[in-house]
Amino acid sequence: MQQPTAPGIRERLVIAPEVAEALRAGRPVVALESTLISHGLPYPRNLEVAGAAEAAVRESGAVPATVAIRGGRILVGLDAPTLVELATAADVRKVARPTLAGALAAGVLGATTVSATMLAANAAGIRVFATGGIGGVHPGAFETATAPDGSRRPPSLDVSVDLQELAMTPVVVVCAGPKAILDVAATLEVLETHGVPVVAVGTDELPGFFSCSSGITAPQHVDGLAAAADLVRTHLALGLGSGVLLCVPVPTADELPRADAVAAIRRATADAAQAGIHGPALTPWVLQRVAELTDGRSLRANTALIINDARFAGRLAAAI
Ligand code: PSU
Ligand code: MN
């Protein structure tokens, strides 16, 4: 599984001066993804969250490096106008490992998902990356489903490339748990098969993205920052080649109660199947539908958890 950093990726990087300076001096840097800005949250909430996540990284003593794609280059660290463009432009491309070359060759404006952001971070020498939730195994990926009209749908095989990237790229991803719109138990199994440590922080239950808990016991857990930093340092020093998934629960005051989240997600997932949504469009579509069904309460949780993850990642980067 282990791969050396693809040298061609390094040649494509445009690292912002502040980020380059911090990396040279060995100061902590945290990578942030941009798909949650372009596809994960509505405007203007997305722009507020992007700014607040960068501010949270700074407050915890690290330099933020939001990643995006433009003009055949991978930008590591964005200026304010580029953040605004990502938050407002209608035609931002969602770029993951399989679509990286296509987006670079076409020269388009692109937002990076977890997989593409990990590739960029690794090439830049950034070890810690904060996001909201990773992609994973979608419900129905492995089972035959029965549609409302009685017809049978074959397994979709929709498993996010994020899981494969965590297996291949030694970057620590801080999230609030696999997105609750996924088959979380199946996602954990695939991560285990790929040798990716999944570690809950401050709780022995796996955080449930919108809610503090998913109702599933975490494969591993640590008490807090110091123990998380020890585990991460040890994992990276072993040189296994894989990343680590650290799961930090959304702050209790901002969570969407699990029963509400489950009901909205069940409905949104059924609506997506009815509407024939699949592939890369599925995750953004379901997130938006959940926001509608919860009268925006899912957005409050989503916002809070992203900022909370960014703050924790900043402290972690400073600690390792
Ligand atoms: N987390 C969020 N909102 C998002 C995503 C994560 O809170 O929009 C994005 C991430 O970029 C993740 C992607 O990598 O969704 C997964 O998409 P897919 O399921 O198509 O692999
Ligand atoms: Mn997918």
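Throughout, residue positions are numbered sequentially from 1 according to the sequence presented.
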Taking salt bridge (charged side-chain N to carboxylate O under 4.0 Å, His left out) as the definition, give me every residue that meets it alongside Glu85, ordered by chain and number, with sequence neighbours left out. Arg70

Locate the shortest heavy-atom distance separating Ile74 from Ala120; write the atom from each residue and the value. CG2-CB, 3.7 Å

Using every non-hydrogen atom in the two residues, find where Arg300 and Ala253 come nearest and quote the distance to one decimal. NH2-O, 3.0 Å

Hydrophobic clusters here meaning ILVMFWY residues chained together by side-chain heavy-atom distances under 4.5 Å, can you tell me if Val128 and Val19 are in one? no

Side chains of Asn46 and Ile37 in contact at under 4.5 Å (non-hydrogen atoms): yes

Quick one: closest heavy-atom pair of Leu32 and Pro64, and the distance? CD1-CB, 4.0 Å

Would Val244 and Val198 show up in the same hydrophobic cluster when neighbours are defined by side-chain heavy atoms closer than 4.5 Å? no

Are the side chains of Asn302 and Arg45 in touch, meaning some heavy atoms are under 4.5 Å apart? no

Side chains of residues 305-320: which donor-acceptor partners sit under 3.5 Å, not counting sequence neighbours?
residue : atom : partner : partner atom : Å
Asn308  : ND2  : Pro249  : O            : 3.2
Asp309  : OD2  : Ala176  : N            : 3.3

Contact check, side chains of Leu188 and Glu192, non-hydrogen atoms, under 4.5 Å: no

So CZ of Phe209 and CD of Glu255: to nearest 0.5 Å the spacing works out to 13.5 Å

Check whether any side-chain heavy atom of Pro207 sits under 4.5 Å from a side-chain heavy atom of Val248, and report yes or no. no

Using a 3.5 Å distance criterion without hydrogens, assess whether the side chain of Ser214 forms a donor-acceptor pair with backbone atoms of Leu206. yes

Point-to-point distance, once rounded to the nearest 0.5 Å, from OG1 of Thr269 to NE2 of His138: 9.0 Å

Are Ile126 and Val114 connected in the hydrophobic side-chain network, where two residues link if heavy atoms are under 4.5 Å apart? no

Taking side chain as C-beta onward, heavy atoms only, is Met168 less than 4.5 Å from Arg97? yes

Short side-chain donor-acceptor distance under 3.5 Å, Gln164 and Ser115: no

So, Arg258 and Ser213: side-chain donor and acceptor under 3.5 Å apart, yes or no? no

Inter-residue atom distance His39.NE2 - Thr283.OG1, 0.5 Å rounding: 11.0 Å

Nearest heavy-atom contact between Gly61 and Pro28 is O-CG, 3.4 Å

Going only through I, L, V, M, F, W and Y residues with side-chain contacts under 4.5 Å, is there a path from Ile216 to Val159? yes

Just by distance, do the side chain of Arg12 and the backbone of Gly72 share a donor-acceptor pair under 3.5 Å? yes

Heavy atoms of Ala50 and Leu83 approach each other most closely as CB-CD2, 4.1 Å

Would you say the side-chain atoms of Thr99 pair up with the backbone N or O of Val95, donor to acceptor, closer than 3.5 Å? no

Within a strict 4.5 Å, meaning less than it, do heavy atoms of the Pro284 and Lys94 side chains meet? yes

pair Asn122-Ile9: side-chain heavy atoms closer than 4.5 Å: no

Nearest heavy-atom approach of Ala291 to Ser298 is CA-OG, 3.1 Å

Shared hydrophobic cluster, Leu75 / Leu13 (ILVMFWY, side-chain heavy atoms < 4.5 Å): no

d(Phe142 CZ, Asp183 CG) to nearest 0.5 Å is 8.5 Å

Have a look at Glu33 and tell me which of Thr131, Thr112, Thr66 forms a side-chain hydrogen bond (donor to acceptor under 3.5 Å, both in side chains) with it. Thr131

Between the CG atom in Leu245 and the OG1 atom in Thr187, the distance rounded to the nearest 0.5 Å is 10.0 Å

Checking Thr35 side chain against Thr113 main chain: does a donor-acceptor pair fall under 3.5 Å? yes

Going by the side chain to side chain contact (heavy atoms under 4.5 Å, CB included) test, name the single residue among Val172, Val29, Thr169, Val173 that passes it with Phe129. Val173

Test your reading of the model: is there a side-chain donor-acceptor pair from Ser242 to the backbone of Leu166, 3.5 Å cut-off? no

Would you mind reporting whether Ile134 and Leu182 have side-chain heavy atoms less than 4.5 Å apart? no

